[in-house]
Amino acid sequence: MTTTRPVRIGAVDLGASSGRVMVGTIADGRITLTQTRRFANGAIPLPTREGERLFWDVLRLWGEVREGLLAAVRDIGPLSAIGIDTWGVDYGLVNGSGTLSAQVHAYRSARTRGIPERVFATIPAREIYAINGLQVQDFNTMFQLVAQARDNGIPRSSNGAYARTMLLLPDLLACFLTGQRVAEVTNASTTGLVDARLRTWSRPLLERLRTELGLDLDGVLPDIIEPGTVIGPVLPEALEIFGPDGAPTPVVAVGSHDTASAVVAVPATDPDFAYISCGTWSLVGLELEEPVLTLASRTANFTNELGVDHTVRYLKNVMGLWVLNEAVRAWRRQGLETFLPELDAAAATAEPLRTVVDIDDPVFYAPGDMAARIDDAARATGQPRPRSVGEYVRCIDDSLALAYRRAVRQAAELSGREVRVVHMVGGGIRNRLLCQLAADAIGLPVLAGPAEGTALGNAVVAARGAGLLDGELSDLRRLIRDSTDITSYAPDPAAAASWDAAERRLLG
């Protein structure tokens, strides 16, 4: 891998709870990150004629991104490229002038309840999985579009043609910057409309949705592009940002699904690795060359999302630190001031595996009082309810580790791959107890780091796409590995029997 000169990459990384703009500076065989703006994010409840729905304040997010990019240039220097990643599935509709034509629904909105069952009554789930290989979740974009067609449809122009283009959130922000409309494939693969083998929109599936469900997406979906494609230069009317040579800074498609960027940053040396991208969600799985579209895979509800350099992210969505974050919010509303370092310390001294719950149970999906839901789950499984804040946090950590254990073992079995090491990346690795519990539960060494994996993966793919780096995926990972402190957690063999017992107690 070579660089012709030190380069600065603007990495826009939006999550469901917060967003930030980072600058990745690549020089002397290392990459360093500097944050130029961080801001809160969250879905906003609004009443509609269909009931209360959740929406994203996309224009506020756009303003925050603009301020972060301007601060990057002002405080650090010209940007040679910009990459954008966000969570998956959510989309905006833009009109001919590139402006939003409707509010952007949030994936936790209730509008998709019952929609998967409606779709599968017409197009069998096994037939859809054989095409898209996607885990069934109410919020997949396909189900959101069916719900939109039911509620108020997709507006058409006077001649009957669609006057709207569907853009997933990273592509929407890229459109605001460049005026170009594209669908980057790693995020497009979360829609349920992409053929996992061909890495393009599935025309047979789109035709069946049109003829059998009345969902006509002809003209609505933009062209699919691969990570590393230059989308276009930043338009001066959008933002006056220029590179070191004075030309407008290019926006480069990265792994625009945040997990795709995070997986790029896995600093693996052993090819037989599993990964846990740990944040609001935990994404647990393997990196493969081909999707796994078997009946057993569908039954286990594993997903085949597409990755950088024609890889497949074969993974299970685990509820993640959302449960802990919601518990903390509820405690604070109740007047209990709590801070994560104190909670982690209290959990570390609590009795291990006293109470475990199925962290992927749908009861933990919606916002609310997670402690009360843990109490209900404990009663339903004949376990004692936690007695203190520390015990609730320990229950969440233990339950997450159990979910990681199941997901890693299932992924290996379903794919026929051996796993010898687990890499954890993302902000959740700051919870050292959770990292150790993951090693103990899975029974394999865990290598934790980097915490800023998504921004790092975003930056190196953008740099390579702009022609500022060269090399394979392994070379990008070596650059990140050489720039990162990795913490190793060895499993405790004496704990294996306790984890086996806890899993039997919970799942039988």
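Taking the ring centre of Phe143 as origin, the terminal cationic atom of Arg113 falls outside the region bounded by 6.0 Å and 45° from the ring axis. The cationic group of Arg108 does not satisfy the cation-pi geometry with Phe139, failing either the under 6.0 Å distance to the six-membered ring centre or the 45° limit from the ring axis.
The structure places CZ of Phe176 at 8.0 Å from OG1 of Thr99, a figure rounded to the nearest 0.5 Å. Taken from NE2 in His257 to CG in Leu169, the straight-line distance is 11.0 Å, to the nearest 0.5 Å. In this structure, CG on Leu205 lies 5.0 Å from CD1 on Ile131, to the nearest 0.5 angstrom. Atom CG of Asp258 and atom OG1 of Thr454 lie 5.5 Å apart (nearest 0.5 Å). Between the CG atom in Asn458 and the OG atom in Ser261 there is a gap of 5.0 Å [rounded to 0.5 Å]. The line from OG of Ser282 to CD1 of Ile359 is 9.5 Å long, rounded to the nearest 0.5 Å.
Panel note: side chain Trp331, backbone Ala371; no donor-acceptor pair is recorded below 3.5 Å. The closest donor-acceptor contact from the side chain of Arg329 to the backbone of Gly368 lies at 3.5 Å or more, if one exists at all. Checking side-chain atoms of Asn301 against main-chain N and O of Gln135 turns up no donor-acceptor pair under 3.5 Å. Side-chain atoms of Thr86 never come within 3.5 Å of backbone atoms of Leu14 as a donor-acceptor pair (strictly under, hydrogens ignored). Between the side chain of Arg313 and the backbone N or O of Leu306 there is at least one donor-acceptor pair closer than 3.5 Å. With Arg150 contributing its side chain and Arg111 its backbone, the two residues share a donor-acceptor pair below 3.5 Å. In this structure, the side chain of Lys316 does not engage the main chain of Ala403 through any donor-acceptor pair within 3.5 Å. Under a 3.5 Å cut-off, the side chain of Thr191 and the backbone N or O of Thr141 do not form any donor-acceptor pair. A donor-acceptor pair is defined here as one N or O able to donate and one able to accept, closer than 3.5 Å; no such pair exists between the side chain of Asp195 and the backbone of Ser202. Side-chain atoms of Arg373 come within 3.5 Å of backbone atoms of Val363 as a donor-acceptor pair (strictly under, hydrogens ignored).
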- Query: Could you walk me through whether Val284 and Val408 pass the side-chain contact (heavy atoms from CB on, under 4.5 Å) check?
  - Reply: CA-CA 7 Å; Val284 186; Val408 169; 3.6 Å; yes

- Task: Output, in order, the C-alpha distance, side-chain angles, deciding distance and verdict of side-chain contact (heavy atoms from CB on, under 4.5 Å) for Trp87 and Thr190.
- Result: CA-CA 10 Å; Trp87 64 96; Thr190 71; over 6 Å; no

- Please assess Thr311 against Asp309 for the test side chain to side chain donor-acceptor pair (under 3.5 Å), listing each intermediate value before the final yes or no. CA-CA 6 Å; Thr311 57; Asp309 287 7; over 6 Å; no

- Message: Working note: Leu172 + Tyr91, criterion side-chain contact (heavy atoms from CB on, under 4.5 Å); need CA distance, chi angles, decisive distance, verdict.
- Response: CA-CA 8 Å; Leu172 179 63; Tyr91 62 90; over 6 Å; no

- Message: Show, in sequence, the C-alpha distance, side-chain angles and deciding distance for Thr36 and Leu70, and conclude whether the side-chain contact (heavy atoms from CB on, under 4.5 Å) test is met.
- Response: CA-CA 9 Å; Thr36 62; Leu70 288 170; over 6 Å; no

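Ser256 places a side-chain heavy atom less than 4.5 Å from the side chain of Thr186. Residues Leu434 and Tyr404 are in side-chain contact: their nearest non-hydrogen atoms beyond the backbone lie under 4.5 Å apart. Residues Met142 and Leu217 have side chains not in contact (no heavy-atom distance under 4.5 Å, counting atoms from C-beta outward). Counting heavy atoms from C-beta on, the side chains of Ile123 and Glu212 come closer than 4.5 Å. Between Leu473 and Glu287, the closest side-chain pair of non-hydrogen atoms falls below 4.5 Å. Within the 4.5 Å cutoff, no side-chain heavy atoms of Phe55 are placed close to those of Asp90. The closest side-chain heavy-atom distance from Arg60 to Ile44 is not below 4.5 Å. Side-chain contact check for Val136 versus Phe120: some heavy-atom pair is nearer than 4.5 Å.
Shortest non-hydrogen contact noted between Ala451 and Arg430 is CB-NH2, 3.7 Å. Contact detail for Cys395 and Val357: the closest heavy-atom pair is SG-CG1, 4.2 Å. Between Gly42 and Trp56, the shortest heavy-atom distance links the atoms C-CZ3, 3.5 Å. Between Ser17 and Thr280, the shortest heavy-atom contact is OG-OG1, 3.4 Å. Heavy-atom minimum distance, Thr122 versus Arg208: O-NH2, 4.0 Å. The heavy-atom pair separating Leu456 from Ala265 by the smallest distance is CB-CB, 4.4 Å.
Residues Arg37 and Asp75 are not paired through a salt bridge, judged by the lack of any N-O separation under 4.0 Å between the basic side chain and the carboxylate. A salt bridge does not link Glu207 with Arg203: none of the charged nitrogens is closer than 4.0 Å to a carboxylate oxygen.
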For residues 221-236, run the donor-acceptor check on the side chains, cut-off 3.5 Å, and write out each pair with its distance to 0.1 Å, sequence neighbours left out.
{"unit_1": "Glu226", "atom_1": "OE1", "unit_2": "Arg199", "atom_2": "NH2", "d": "3.0"}
{"unit_1": "Glu226", "atom_1": "OE2", "unit_2": "Arg199", "atom_2": "NE", "d": "2.8"}
{"unit_1": "Thr229", "atom_1": "OG1", "unit_2": "Glu226", "atom_2": "O", "d": "2.7"}

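Arg432 CZ: 12 or fewer foreign heavy atoms inside a 6.0 Å radius. Other residues, nucleotides and ligands contribute more than 12 heavy atoms inside 6.0 Å of the CD atom of Glu117.
Every residue meeting the side-chain hydrogen bond (donor to acceptor under 3.5 Å, both in side chains) condition with Asp375, not counting sequence neighbours, appears here in chain and number order: Arg385, Tyr392. For Arg20, the salt bridge (Lys or Arg N to Asp or Glu O under 4.0 Å) partners two or more places apart in sequence, or in a different chain, are Asp13, Glu452.
When each of Val7, Val460, Ile9 is paired with Ile31, the side chain to side chain contact (heavy atoms under 4.5 Å, CB included) condition holds for Val460 and for no other.
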